[in-house]
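Right, one structure below, let's go through it.
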Amino acid sequence: MREKTWTEIPIGGAIEEAGNADAYETGSWRTYRPLWNEETCIHCLRCWVACPDSSILISEGKMTGIDLEHCKGCGICAFECPVDPKAIEMKLETDVKNG
Amino acid sequence: MSRRLILTGNDAAAEAMRQIDPDVVAAFPITPQTELMHKFAEHVADGEVKAELVLVESEHSAMSATVGAAAAGARSMTATSANGLALMWEIVYIAASYRLPIVMPVVNRALSGPINIHCDHSDTMGCRDTGWIQLYSENAQEVYDNILQAIRIAESPEVLLPVMVTFDGFIISHTAEVLEALEDDIVTKWVGEYDPKYTLLDTDNPMTFGPLDLQDYYFEHKRQQMEAMREAPAAVKKIGKLYGEISGRQYELIERYQLDDAEFVVVALGSTCGTAKVVIDELRAQGKKVGLLKIRCFRPFPETEIAEAIKNAKAIAVLDRSVSFGAPGGPVHKEIKAALFGTGSTAGLVNYVYGLGGRDISMDHIKQTFADLETIADSGTPTDSLRFLGLRE
Ligand code: SF4
Ligand code: SF4
């Protein structure tokens with residue numbers, strides 16, 4: 001996203017557009033990345049209820065993935081996941097990136 | 001038709017506020033401002049205004065409540081002095097940053113410590129860089145007039161900045177003077193319906209005030225504030241002229257009193273200007289070319305106009321009623337010196353610190369200042385550029 005100049009933005013830091021936090025990529029702050037295992041997931045949606053960043057993606061009552069542009073890596077979803085072994089595992093971003 | 005009233009500065013401010021009838025007023029008492037809000041609270045209790053008066057538990061809360069109300073789209077005011085202003089400082093800065101057109105009378109009083117309740121300008125000079133417009137008043141008439149103009153200045157679409165209207169504690173706030181006030185209907189028309197740019201209460205257009213603003217946009221928002229300050233002088237002048245049309249009293253950024261051919265110039269703000277004018281009348285009668293530059297609008301600082309007004313003076317005395325500790329001169333002095341840079345002025349420039357903690361400034365002090373200026377002009381640059389009036393040395 002091109003960052004705007006001082007003449008292009010609303011004054012006083014006001015945000016005129018409701019819900020535009022969606023356009024702000026906060027996923028880059030993450031230290032740990034949640035890795036979802038579709039095989040073991042029972043679609044209880046506990047993670048969806050608990051995620052503070054609305055980053056659990058669902059469709060028709062089923063979990064479909066994780067929104068990594070907004071997930072900040074808090075690990076709550078993995079903590080709450082009831083299955084054993086857990087269907088969400090937290091891994092260091094650096095480890096994920098380095099394979 | 002105007003009304004001739006006998007009012008103290010505080011009562012004049014309360015009278016202006018009664019006529020403005022803001023939507024929300026937050027109040028916390030502090031000497032010498034207390035009577036201002038006391039009087040306004042009477043207007044509320046007597047049902048003369050519709051304003052919502054919020055009695056808060058501190059000045060920090062007073063400014064916070066004012067900011068909240070202003071963000072909600074209400075025309076909002078509060079008032080304070082000295083340590084009260086210091087306590088609300090955090091939110092004072094935020095009010096300007098959020099571009100909320102709040103108007104706040106500040107009754108000048110020395111900052112503690114040691115504790116002192118009398119006038120100097122350490123309080124408002126201390127927050128000269130908070131992004132507020134600052135108008136200094138010479139007397140109760142100007143308190144009244146400045147508050148009425150401040151509403152229009154603050155709410156000007158190209159400005160949208162809060163305005164502080166300052167006046168000297170006790171000297172103005174507690175002294176009864178005759179002044180001319182406008183009729184209620186004229187003021188109602190003058191301030192008009194407030195049409196806020198943003199309001200938190202507009203549920204059809206939900207918006208956010210005060211979100212996190214990091215490395216990516218904070219700088220741009222500060223640049224916008226600088227631009228608003230750059231627009232402000234024209235707005236102050238335009239509104240000063242329009243106000244002249246309804247009141248017969250026109251206002252500018254500065255007042256040039258006997259300044260056109262003045263060789264010896266005193267620069268001051270606040271009630272001291274009144275004292276200086278009497279002295280100037282006396283000295284003029286003796287044929288002396290003396291004059292006063294009164295700064296009404298200190299923020300934004302009208303640099304170009306000031307330089308133009310005093311660049312031909314032979315010697316200039318800048319009177320500061322506050323100290324900028326460790327700096328080369330008081331706040332007013334530094335700005336004047338900077339304004340003269342590049343104008344080719346060869347004037348002897350001397351800074352007088354005076355009146356701290358309410359120490360009286362007399363006509364004799366100002367006469368002495370003009371006498372000093374003649375000596376300085378004869379001998380070239382002054383050796384001591386920082387002097388004191390009324391200090392036991
Ligand atoms: S790690 Fe935290 S933010 Fe990311 S999906 Fe899980 S609960 Fe949501
Ligand atoms: S909590 Fe675990 S099992 Fe339940 S939906 Fe989320 S990932 Fe699947």
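Chain identifiers are assigned alphabetically (A, B, ...) following the order of the sequence lines, protein sequences preceding nucleic acid strands; residue numbering begins at 1 within each chain. Reckoned from all heavy atoms, side chains included, excluding hydrogens, waters and symmetry mates.
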Non-hydrogen side-chain atoms of Glu59(B) and Leu85(B) separated by less than 4.5 Å: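 No; the side chains remain at least 4.5 Å from each other.
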Would you say the side chain of Asp53(A) lies within less than 4.5 Å of the side chain of Thr26(A), judging by non-hydrogen atoms? no
May I ask you to check whether over 12 heavy atoms, not counting those of Trp6(A), lie within 6.0 Å of atom CH2? yes
Structural part of Tyr98(B) lying under 4.5 Å from a heavy atom of chain A: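 Contact with chain A involves both backbone and side-chain atoms of Tyr98(B).
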Which answer fits Leu160(B), side chain, backbone, both or neither, if we ask what part of it has an atom under 4.5 Å from a heavy atom of chain A?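 Side chain only.
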How long is the straight-line distance from OG1 of Thr130(B) back to CZ of Arg299(B), given to the nearest 0.5 Å? 9.0 Å
Are Ser64(B) and Ser61(B) close enough, and set up right, to give a side-chain hydrogen bond (donor to acceptor under 3.5 Å, both in side chains), and what steps lead you there? CA-CA 5 Å; Ser64(B) 299; Ser61(B) 305; 5.7 Å; no
Looking at Asp145(B), Asn108(B), Asn146(B), which hits side-chain hydrogen bond (donor to acceptor under 3.5 Å, both in side chains) with Ser137(B)?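 Filter result, single survivor: Asn146(B).
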Part of residues 211-225 of chain B lying next to chain A, heavy-atom separation under 4.5 Å: Pro211(B), Leu214(B), Asp216(B), Tyr217(B), Glu220(B), His221(B), Arg223(B), Gln224(B)
How would you list, by chain and number, every residue that makes a ring pair (Phe, Tyr, Trp, His ring centres under 6.0 Å) with Phe40(B), sequence neighbours excluded? none
